Structure formats: structure tokens, C-alpha cells
Amino acid sequence: MHLFQTQHIKLYNTLSGQKEAFKPINEGHVGMYVCGPTVYSNVHLGNVRTFMSFDMVFRYLKHLGYKVRFVRNITDAGHLENDADAGEDRIAKKARLEEIEPMEVVQRYTVDFHNILNKFNFLPPSIEPTATGHIIEQIEIIKTILDKGLAYEVNGSVYFDVLKYNETKQYGILSKRNVEDLIHNTRELDGQSDKKNPQDFALWKKAEPQHIMRWPSPWSDGFPGWHLECTAMSTKYLGDHFDIHGGGMDLKFPHHECEIAQGEACNDASPVNYWMHANMLIMNGKKMAKSTGNFILPNEIFSGDNPHITKAYAPSVARFFMLQAHYRSILDFTNNGLLASEKGFYRLMDAINIMDELKSSESSSITILDWKQSCYDAMNDDFNSPILIANLFEGVKFINQIKEGNASLTHDDLEIFKATMNAFVFDILGLVNVTKVETSTDKLSGAVELLIQIRQQARANKDFALSDKIRDELAEVGIQLQDGKEGTTFSTN
RNA sequence: GGCAUCAUGGCCGAGUGGCUAGGCAGAGGUCUGCAAAACCUUCUACAGCGGUUCGAAUCCGCUUGAUGCCUCCA
């Protein structure tokens, strides 16, 4: 018996524009592909948000008992800064500026990407393929599309024929555009002479002599088009037809539209059942993007070294902040928002830290199974993590009420409650209990317990000067004393 | 200019055709030597203008504004 047999997910499918019941192609199995980063510079927080959304999806699917194959690629092939026929690719440009090999650029920022994701407590994907490792597969796909007559070769480059494709299929089905509108609204760009139409996109580009990243192909020494790698890697590992494809909202058009076209061209069938798009993280009302300079790096959040924030924040605080918004909503990154999340996060952690001390009762004053189901309902409804978190704060209330003797749970109910809290907070939301790690050092606990005893003695003697000194100076080094009915406890934030 | 999405209280951020979101902040109370924490109570809302409806913040239209895409971008 798996949880997915009783917990039914509805998810918003960009393709249909509405929430749909999720039904995997093979029962109990889920194939999910997410477009990964182009590793030409440090991953910024906006990038992280998208990947975090799908990390949460991955975690929840696994929690429900699905066998998930999660593929997230690394784009390590250079792509041109614009879609014109000429231009430098980003990785090559970075390599030139830093006087290193393109593959050194790729290596450096791949390592950075992994480091950052580890700090945010991401689960690794099942497969993390690279574009340059799949050149042969991409060439094979181009051959197929050429054979179908939906692409053409010009001067060693191969382009997808969007108008031809649109005669029998629908280009724009995902982003709700039609080709006529696209034609009317295309900006004039220099150097597009090789294309029959501006809407056509490159499958293969002939490399200029100075272009370092290049591979042989039947058409020229060159490199694959950007959209092709995802088609190659997704279908290789998940099949021609798979369950979920995710990515940032900004990839919807043209990237994902082109992926659909390529998949349809090869197999006469739509490659993906459910398209999921994570919304943008903006900062102070503007898009976070490397190209505009309006962005913050994760390491700057951990160190506090950025003019947009007033202090350092733990990775889990940033994670909690982002999960407090729904993945399909735009989220504005602000210092005030982060401060509010930080307080809430530590309140949640403080409650969890005393969960094991709760005593069970003869009867339950809370219908814990209803509460548990409401947690699942939240996640089942298009992965609504903000609602889930609201329910978890309901759980915080339960913990404190039980501790104060204002609520009760039977032994069995208490076990269910604790297991549910832990599952959602740590397994599904992927938060890390930073306070627990710090306070679990026995030496520190022993020292603080001693100070608490001395303070108790001082209070008994009405030596409040001493007792307050102990309390205040401990607070200054980040240890809070809490006087409860059953004695004094402490926590560290 | 075109397409799409969105517009909620002091701030962040859910949701819904009639019934409490939640967090942070604020107010009052309980507790405390005083605090803090915790608990109880509590205030402020659905951009504007029309329409549909017994009833709309929730559906429709218009207006205004925001964000994204339309050239690489999570």
C-alpha cells in the first residue's frame, strides 16, 4: 500500500491552463525532467527558487511512494547571446574574459551550483546529464527531423522550419501564441539571413573559426542549438513520452515551445503530459537576472554581504521564505520579508525541538488525523506549500498547548503527530533544524544547565541583579532562557 | 506594440460565489520578581467602474497598474 493510492495530486498544467488530476503513464512511476542551469556564472537566488520548487515536488512525489526518475541537466555547451547567426556564446565569452578554457568555466560553475544546492539541502536528481555529453543523440534527432522534412540546412547550419511544422501541428500551443502574431511582432535582427523565417530556430550551428566548443557533424563542425539538448536528454532517459517537464516561467517561450515542436516532429506525439512552470523571484519589484545586475547570490545571503539585506540568513531561512509563497506566484525578495520568515522559521523549529518531551494522555482533544489530512490536502492541491506551512503552524500551536496542559493526545495520536510534523518539515519541505544541531552539543548543554541552576539559586535569594545578568549575557551570545511552569529551558537562534 | 499572468489588511503571502488562511508587526489579558517565550482575546482586506446573481473580494466586461515573455535567461 502506497500513499499515492490514497493521496491524489492535482497539478496545474501550463498546457491546459488548469489544474488536472495527476495520473502517471506507468502507475507508481514518475518521469520528471527539469531544465537545469547554464553554467557560465554563479547560480543566483532566482535560479535557486525554480530548482527548489521542483526539489519540493520531487520530495513530495517520493514521500507518496512514487518511484521517481528525476532528470535535471547541466547546460555546458555554449549558446549564442542572441539568436542571430553571428555572436559569441556565453561560456566562450567568460572563458576569454577569465583567460581559461571553456570547460574550466563549465567545471567551476558546475561545482558552485552543486555547492549552493547542497547548502539549501537539495536532494540530488536521479540523473544529471550534460549537453556536451549528448552531442551524438542531438545529431541523431536532427537527422530525424530533416528526414521528416521539418528542418533545412543552410551553409552548414540546420534550422527547424516553424511554418512547415505549423501546417500540421500547432506551434505556440504551450505559450498560447499563434505564428501569425509572432511574425507580426518579430523584431528586426541583424544577421538572420540564413533563416527562411525569423521564427525558425537553430538545431545545429556551424562554428565560426574562433569558436572553441565544436563538434563534427554531417553538416559542419559546429554545435547544437539550445533547445535540442533538453529534447535529447529528456527522451533518452525518460522515453519519448514522459510525465512531467518543469522549468522557469521564462523558459516557456521559446525554449519549451521548441521542445514540444522537436518532440512532435520526431514522434508525432506530444512529448510531455504535464508542463509545470515555476514563477520568477523578483527583488524590490524587478526581475532578478544576471543580465540586469538586479540579483543576489546565495552566498551573499549566508554572509549578509549584500546591500539589499541587513544581516546574514541561514540557508533554511531562505528556503522557508521561498516555500512560504506558492511556486506559481511571483515572489518579491525583500529584507523585511526575510526577517518575518526568519522569526516564523525559528518559532517552528523551537516547537519541534520540544516535541519529544511532550507527554501523552488518556484521551485526545485534537482530531489529529483530520489535521494530518489537511497537510496532505495542501500539497495535493498543486503543491501548495504556503497552506501546508499554515497547517504546520497549527501543529506548533498543538505542541505548545500540549506542553502547557491545554490540549492532549493519546500515545498513538502523539506518535502520528510527531511523525507527520517531521515528514512534512524535514522530508518534504527539506528544511534543516539548525537550532537542534547547535543545542545538541552536550558540553554546551551542560554549561548552560549549570548557569540555569546558578540563576535559579540567585532568584531564590532574590538576587535579581545576578539572575538578570546571567539571562541577559547568555542572550547576547545567542542563548535564550525560557522560564516555564516546569523549570527553565533554553534555545539558541 | 503583441501575448500571458497577476492586482488581497501596516508588511509578506494563501484561498474561496454565502462560513477563521497562516507568518511578521500592533492592541488587551494570563503567566513572571521583571522580562522573554508560550497561551487566550482582538483590530485593519480583497485596485477602480459597470454587469450576472437571492448573494461576489470570488464569475463576466471595461479601466488602471504590475510582472514575465516576444533576443540569452530559472
Side-chain angles (χ1 to χ4, degrees), chain A residues 14 17 34-38 40 43-54 75 78-84 87 89-90 172 175-178 180-182 184-187 189 192 198-199 226 246-255 257 277-282 285-292 320-321 324-326 328-332 334 336-345 347-348 350-351 354 378 381 384-394 396-397 399-401 403-407 459 462-464 467-468 471-472 475 480-485 488-489 491:
Chain A
T14 308
V34 171
C35 292
T38 303
Y40 72 96
V43 61
H44 68 70
L45 196 66
N47 305 124
V48 171
R49 185 193 180 198
T50 295
F51 301 131
M52 189 180 290
S53 298
F54 292 105
T75 297
H79 294 293
L80 302 183
E81 287 199 320
N82 60 52
D83 204 26
D89 83 58
R90 289 173 175 280
S175 54
K176 318 276 189 272
R177 294 160 199 244
N178 65 64
E180 284 187 4
D181 286 344
L182 290 173
H184 286 305
N185 293 306
T186 301
R187 300 179 199 175
L189 291 172
Q192 288 195 332
Q199 291 70 41
W226 174 41
M249 199 74 100
D250 51 347
L251 298 185
K252 202 195 308 185
F253 186 90
H255 185 56
E257 201 69 70
H277 289 97
N279 217 323
M280 298 291 101
L281 182 68
I282 62 178
K286 286 273 179 283
K287 187 194 177 186
M288 201 177 280
K290 292 170 193 168
S291 52
T292 59
F320 186 72
F321 167 75
Q324 270 189 304
H326 186 81
R328 280 194 292 113
S329 295
I330 294 170
L331 174 62
D332 196 2
T334 61
N336 283 343
L338 223 49
L339 281 172
S341 288
E342 183 178 50
K343 288 196 178 179
F345 173 72
R347 201 159 86 84
L348 177 62
D350 287 345
I354 62 166
D381 184 14
N384 199 323
S385 54
I387 295 282
L388 170 65
I389 289 172
N391 281 307
L392 295 178
F393 275 107
E394 220 21 53
V396 169
K397 203 164 157 185
I399 291 170
N400 288 318
Q401 285 177 337
K403 185 191 168 198
E404 302 266 326
N406 295 326
R459 293 176 69 197
K462 302 222 186 277
D463 182 0
F464 299 123
S467 66
D468 288 355
R471 182 180 68 199
D472 296 343
Q480 283 79 38
L481 299 187
Q482 283 130 12
D483 297 332
K485 286 194 178 116
T488 302
T489 57
S491 66

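We name chains A, B, ... by the order of the sequence lines, and we start the count at 1 in each one. From a predicted model like this one, the values you see are computed outputs, not experimental measurements.
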**Q** Assign Asn178(A) to base, sugar-phosphate, or nothing according to its heavy-atom contacts below 4.0 angstrom with the strands shown.
**A** nothing

**Q** Using whole Å, what does the distance between atom P of nucleotide G13(B) and atom CG of Leu281(A) come to?
**A** 10 Å

**Q** Whole angstrom is fine here: how far is it from CD in Glu257(A) over to P in G2(B)?
**A** 20 Å

**Q** Across all strands shown, which nucleotide pairs with G33(B) by Watson-Crick or G-U wobble geometry, both distances under 3.5 Å?
**A** none

**Q** Tell me whether the ring of Phe393(A) lies stacked over the G23(B) base, given a 5.5 Å limit on centroids and a 30° limit on the plane angle.
**A** no

**Q** Which nucleotide, if any, forms a Watson-Crick or G-U wobble pair with G68(B), using both distances under 3.5 Å?
**A** C3(B)

**Q** Does Lys343(A) place a side-chain N or O at less than 4.0 Å from the phosphate oxygens OP1/OP2 of A25(B)?
**A** yes

**Q** Counting just side-chain N and O atoms, does Ser329(A) come under 4.0 Å of either OP1 or OP2 of A14(B)?
**A** yes

**Q** Using purine N1 to pyrimidine N3 plus N6-O4 or O6-N4 for Watson-Crick, or N1-O2 and O6-N3 for G-U wobble, each under 3.5 Å, what pairs with U52(B)?
**A** none

**Q** Can you tell me the distance, in whole Å, between the NE2 atom of His255(A) and the P atom of A74(B)?
**A** 9 Å

**Q** When you measure from the centre of the six-membered ring of Phe253(A), is the NZ or CZ of Arg177(A) under 6.0 Å away and within 45° of the axis?
**A** yes

**Q** Within the pair Asn400(A) and A38(B), is there a side-chain N or O less than 4.0 Å away from OP1 or OP2?
**A** no

**Q** In this structure, how many angstroms lie between the P atom of A7(B) and the CG atom of Leu331(A), rounded?
**A** 14 Å

**Q** In whole angstroms, how far is the C1' atom of C70(B) from the CE atom of Met249(A)?
**A** 15 Å

**Q** Check this one for me: any side-chain N or O of Arg347(A) less than 4.0 Å away from OP1 or OP2 of C24(B)?
**A** yes

**Q** Salt bridge check, Asp468(A) against Arg471(A): does any charged N sit closer than 4.0 Å to a carboxylate O?
**A** yes

**Q** Would you call the rings of Phe393(A) and Phe320(A) parallel, tilted or perpendicular, taking 30° and 60° as the class edges?
**A** perpendicular

**Q** Answer yes or no: does a side-chain N or O of Gln401(A) lie under 4.0 Å from OP1 or OP2 of C40(B)?
**A** yes

**Q** Verify the contact: side-chain N or O of Asn384(A) to OP1 or OP2 of G15(B), cut-off strictly under 4.0 Å; return yes or no.
**A** yes

